[in-house]
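Only one structure is covered here, and it is reproduced in the block below.
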Amino acid sequence: RRRRRATTRWCAGMPVIIWQQAALADFVRNQGLGLAVESLEGLQGQIQAVSPEQYAQMCTQAERISGRVRAGDFLTAALQRAEEILEGAE
């Protein structure tokens with residue numbers, strides 16, 4: 001459910017704020033799609049530390065990812081990987 005929330009925001013061109021232990025945290029960090037935070041404490045400071053240029057870059061990355069989400073690229077890759085695993089198990 002939370003993954004769907006993230007992809008919905010990315011499809012709207014919006015960066016996300018996610019808990020650093022969440023399954024998507026590494027993806028968010030690596031792709032520059034928002035902030036991965038330890039807790040809500042200090043969140044205001046972390047948000048304020050994001051420059052307008054960094055925020056614009058996060059939005060650009062979200063828009064880039066949105067095309068891949070809408071095209072089903074991630075679903076296709078996951079299904080292909082599952083198929084490879086199943087074929088290897090035979």
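Below, all heavy atoms of this structure are taken into account, side chains as well, without hydrogens, waters or symmetry copies. Positions are given from 1, in the same order as the sequence printed here.
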>> Side chains of Val37 and Gln20, heavy atoms from C-beta outward: is any pair under 4.5 Å?
In response: no
> In the single-linkage hydrophobic clustering (I, L, V, M, F, W, Y; side-chain heavy atoms under 4.5 Å), do Ile17 and Leu40 co-cluster?
Replying inline: yes
>> Just so I know, are the side chains of Leu79 and Glu83 near enough to count as touching, which here means a heavy-atom distance under 4.5 Å?
In response: no
> Apart from Met14 itself, which Ile, Leu, Val, Met, Phe, Trp or Tyr residues share its cluster (side-chain heavy atoms under 4.5 Å, direct or through members)?
Replying inline: none
> Roughly how far apart are Gln21 CD and Asp26 CG, rounded to 0.5 Å?
Replying inline: 9.0 Å
>> Apply the hydrophobic cluster definition, ILVMFWY joined by side-chain contacts under 4.5 Å directly or through others, and give me every member besides Trp19.
In response: none
>> Hydrogens and angles aside, do Arg64 and Gln31 bring a side-chain donor and acceptor to less than 3.5 Å of each other?
In response: yes
> To the nearest 0.5 Å, how far apart are SG in Cys11 and CZ in Arg9?
Replying inline: 12.0 Å
> If every non-hydrogen atom of Leu24 is compared with every non-hydrogen atom of Ala6, which pair is closest and at what distance?
Replying inline: CD1-CB, 4.0 Å
> Between the side chain of Asp73 and the main-chain N/O of Val69, is any donor-acceptor distance below 3.5 Å?
Replying inline: no
> How about Leu75: does its CG atom have over 12 heavy atoms from other parts shown lying under 6.0 Å from it?
Replying inline: yes
>> I want to check something: taking the side chain as every heavy atom from C-beta on, are Ile18 and Leu35 in contact at a cut-off of under 4.5 Å?
In response: no
>> Show the nearest heavy-atom pair for residues Pro15 and Met58, with the distance to one decimal.
In response: CB-CB, 3.7 Å
> How close do Trp10 and Ser66 get, heavy atom to heavy atom, and via which atoms?
Replying inline: O-CB, 3.3 Å
>> Between Thr7 and Phe74, is there a side-chain heavy-atom distance shorter than 4.5 Å?
In response: no
>> With side-chain contact (heavy atoms from CB on, under 4.5 Å) as the criterion, how do Thr8 and Arg5 come out once you've worked through the C-alpha distance, each side chain's angles and the decisive distance to 0.1 Å?
In response: CA-CA 5 Å; Thr8 299; Arg5 289 181 194 169; 5.7 Å; no
> Should Tyr55 and Thr60 count as side-chain neighbours, where that means a heavy-atom distance under 4.5 Å?
Replying inline: no
> With sequence neighbours left out, which residue pairs that include part of residues 42-53 fulfil the side-chain hydrogen bond (donor to acceptor under 3.5 Å, both in side chains) condition?
Replying inline: Ser51-Glu53, Ser51-Gln54
